[in-house]
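The next block holds one structure in the form of structure tokens; read it before the comments.
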Amino acid sequence: MKKIIVAIDSFKGCLTSTEANQAACEGILSKMPEAKVVQVPVSDGGEGWLEAFRAAIGGEIVEVNVKDPLMRPIVAQYLIQGDTAVIEIAKASGLTLLSPEERNPMVATSYGTGQLVVDAVRKGCKHIIVGLGGSATSDCGIGMLRAIIDAFTKHGNWDDVRELDDVRFTIATDVTNPLCGENGAAHVFAPQKGATPDQVIALDARAKRFAMASAKHLGRDCQNKPGAGAAGGLGYAFLQYMNAECRSGIDLLLETIHFDDLLQDADLVITGEGSADRQTLMGKLPFGILQRAQRHDVPVMLIAGRIADEQILLDAGFSRVACINPLGLPLDIAMQPATAKENIRKTVRI
């Protein structure tokens with residue numbers, strides 16, 4: 001009996017990781033009814049982070065009234081298991097919370113993410129794991145810090161915040177960019193959030209001023225640490241102000257679910273993402289899974305809605321690379337969940 005692990009990332013705007021895994025499972029079992037299929041919801045810190053951790057560790061979903069990136073009231077969720085909280089920043093500060101016309105990283109704020117942190121601390125959490133991905137913001141985490149200051153101090157001074165002294169933070173991201181400069185948060189990511197070229201320059205200058213002031217005040221400077229540029233500089237705020245540990249999102253999740261143990265007697269892993277190309281090999285989720293599986297000599301099949309650089313992906317070690325969409329299929333049809341599920345089923349009938 002073959003054991004096949006299915007661990008597919010979300011197809012953004014189309015399928016969640018769980019939905020993609022289920023479609024693959026159905027496709028495998030239609031061809032090999034006797035196969036043992038292990039479904040693993042996965043995320044690298046962005047969309048699906050909460051869902052993946054809940055599947056891994058259980059826990060309770062907590063709902064909190066917070067502010068969205070434009071300071072409008074919304075309800076956001078995070079996960080509590082024991083004294084550990086898991087936060088997906090996109091739930092409060094995500095790009096998907098805004099319409100395309102509303103996107104403006106000059107004004108979008110991470111305040112709501114700070115409110116999630118405050119709620120977790122007030123509920124007694126001592127370890128807060130934060131998935132950084134999908135943010136609408138480029139505010140260097142200033143909004144988040146303001147929410148924490150507002151909640152825990154009377155005079156609006158960060159130095160008076162004592163409630164975080166015994167709380168440990170771990171941030172999870174596949175982004176290694178620094179805060180500022182041509183590879184920083186503004187230049188690389190702000191255009192995706194609606195920033196014009198002039199706004200990108202203004203945002204980068206704002207980030208530099210904040211980093212200089214923070215370094216002077218705190219006596220350390222984290223702006224060039226890997227991950228500082230993640231989520232519009234939210235990574236920097238966690239590193240600089242909360243001494244957070246920065247981890248690869250997929251590595252952290254795979255450790256948590258004891259993925260290496262699952263691989264012990266596996267015959268095949270199927271992973272995937274919406275679009276796969278040479279950038280997949282730069283720390284993205286399928287590559288993290290491939291690296292683990294290679295240590296156990298388990299072949300890994302990669303599926304995606306769009307494939308480029310196929311030979312490079314094969315040379316990296318994927319045993320098979322397959323596009324789920326037939327040639328010529330219009331994007332708007334390919335993006336329909338029912339279509340994507342059926343194309344995944346067909347693709348994995350190996």
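What's counted below: heavy atoms across the whole structure, side chains too, no hydrogens, waters or symmetry copies.
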Ignoring hydrogens and geometry beyond distance, is a side-chain donor-acceptor pair present between R349 and S30 at under 3.5 Å? yes
Do the side chains of F11 and E19 get nearer than 4.5 Å, heavy atoms only? no
K3 (side chain) donor-acceptor with L262 (main chain) under 3.5 angstrom: yes
Start with the C-alpha distance between R162 and D165, add both sets of side-chain angles, then the distance that settles salt bridge (charged side-chain N to carboxylate O under 4.0 Å, His left out), and finish with yes or no. CA-CA 5 Å; R162 300 268 66 91; D165 288 353; 2.8 Å; yes
If I take atom CD1 from residue I303 and atom CZ from residue R320, how far apart are they, to the nearest 0.5 angstrom? 9.5 Å
Find out whether V167 and H127 are in side-chain contact, i.e. whether some heavy atom of one side chain is under 4.5 Å from a heavy atom of the other. no
Please confirm whether the backbone N or O of V40 pairs with a side-chain atom of N21, one donor and one acceptor, at under 3.5 Å? yes
Below 4.5 Å, heavy atoms only, C-beta onward: do R292 and E255 meet side chain to side chain? yes
Taking the side chain as every heavy atom from C-beta outward, state whether M282 and V175 have any atom pair closer than 4.5 Å. no
Look at the side-chain heavy atoms of Ile, Leu, Val, Met, Phe, Trp and Tyr, link any pair under 4.5 Å apart, and say whether I148 and M71 land in one connected group. no
When you measure from the side chain of N325 to the backbone of G305, do you find a donor-acceptor pair of N or O atoms at a distance under 3.5 Å? yes
Can you hop from M242 to L239 via hydrophobic side chains spaced under 4.5 Å? yes
Just do the salt bridge (charged side-chain N to carboxylate O under 4.0 Å, His left out) check on D139 and R206 with the steps written out, would you? CA-CA 8 Å; D139 71 346; R206 188 169 78 181; over 6 Å; no
Rounded to the nearest 0.5 Å, what separation is found between the CD1 atom of I171 and the OH atom of Y236? 12.5 Å
Between E60 and Q81, do the side chains contain an N or O donor and an N or O acceptor separated by less than 3.5 Å? no
Between A190 and P105, what is the shortest heavy-atom contact and its length? O-CG, 4.1 Å
How long is the gap from CG on L29 to CZ on R345, to the nearest 0.5 Å? 12.0 Å
Distance in Å, I250 CD1 paired with F259 CZ, rounded so as to fall on 0.5 Å steps: 7.5 Å
Do K126 side-chain atoms and T84 backbone N/O form a donor-acceptor pair below 3.5 Å? no
Donor-acceptor contact below 3.5 Å, side chain Q223 vs main chain K208: no
Nearest 0.5 Å, what's the CE-OG distance between M144 and S135? 11.5 Å
Which is it for R247 and D251 under the salt bridge (charged side-chain N to carboxylate O under 4.0 Å, His left out) test, yes or no, and what are the steps along the way? CA-CA 7 Å; R247 294 287 310 277; D251 281 348; 5.5 Å; no
Which atom names give the shortest non-hydrogen contact between R278 and I312, and what distance separates them? NH2-CD1, 3.2 Å
Under 3.5 Å: donor-acceptor pair, side chain of E51, backbone of G48: no
T137 side-chain N/O to S110 backbone N/O, donor-acceptor pair under 3.5 Å: no
Any side-chain heavy atom of K2 sitting closer than 4.5 Å to one from K36? no
For a 4.5 angstrom cut-off between non-hydrogen side-chain atoms, does R72 reach E102? yes
Can you label the angle between the Y241 ring and the F210 ring as parallel, tilted or perpendicular, going by 30° and 60°? parallel
With side chains defined as the heavy atoms from C-beta onward, is the minimum distance between Y111 and R146 less than 4.5 Å? yes
Looking only at heavy atoms, the pair that brings I128 and V121 closest together is CD1-CG2, 3.9 Å
Which residue, L50, T113, I129, forms the side chain to side chain contact (heavy atoms under 4.5 Å, CB included) with E88? L50
Is atom NZ of K225 surrounded by more than 12 heavy atoms (other residues, nucleotides or ligands) closer than 6.0 Å? no
Hey, quick one: are V86 and L254 part of the same hydrophobic cluster, counting side-chain heavy atoms closer than 4.5 Å, chains of contacts allowed? yes
Of all the heavy-atom pairs spanning Q115 and K67, show the shortest one and how long it is. OE1-N, 2.7 Å
T271 side chain to I8 backbone, donor-acceptor under 3.5 Å: no
Counting only N and O atoms by type, is there a donor-acceptor contact under 3.5 Å from the side chain of T280 to the main-chain atoms of K284? no
Within one Ile-Leu-Val-Met-Phe-Trp-Tyr cluster: M32 and I270, side-chain cutoff 4.5 Å: yes
Atom pair NE2/CE of H217 and M212 - distance to nearest 0.5 Å: 15.5 Å
Quick one: ring-ring contact (aromatic ring centres under 6.0 Å, His included) pairs with a partner in residues 32-71, sequence neighbours left out? W49-F53
Check: N183 side chain, N177 main-chain N or O, donor-acceptor pair, under 3.5 Å: no
Here the pair of heavy atoms bringing A230 nearest to L132 is CB-CD1, 3.9 Å
Establish, from distance only, whether the side-chain atoms of D277 and Q279 form a donor-acceptor pair under 3.5 Å. no
Group every Ile, Leu, Val, Met, Phe, Trp and Tyr by side-chain heavy-atom contacts under 4.5 Å, then state whether L302 and I4 land in the same group. no
Would you indicate whether the side-chain heavy atoms of D204 and H187 approach each other to under 4.5 Å? yes
Shortest non-hydrogen pair, M1 vs E34, comes out as CG-O, 2.8 Å
Side-chain donor-acceptor contact under 3.5 Å, D260 with H296: yes
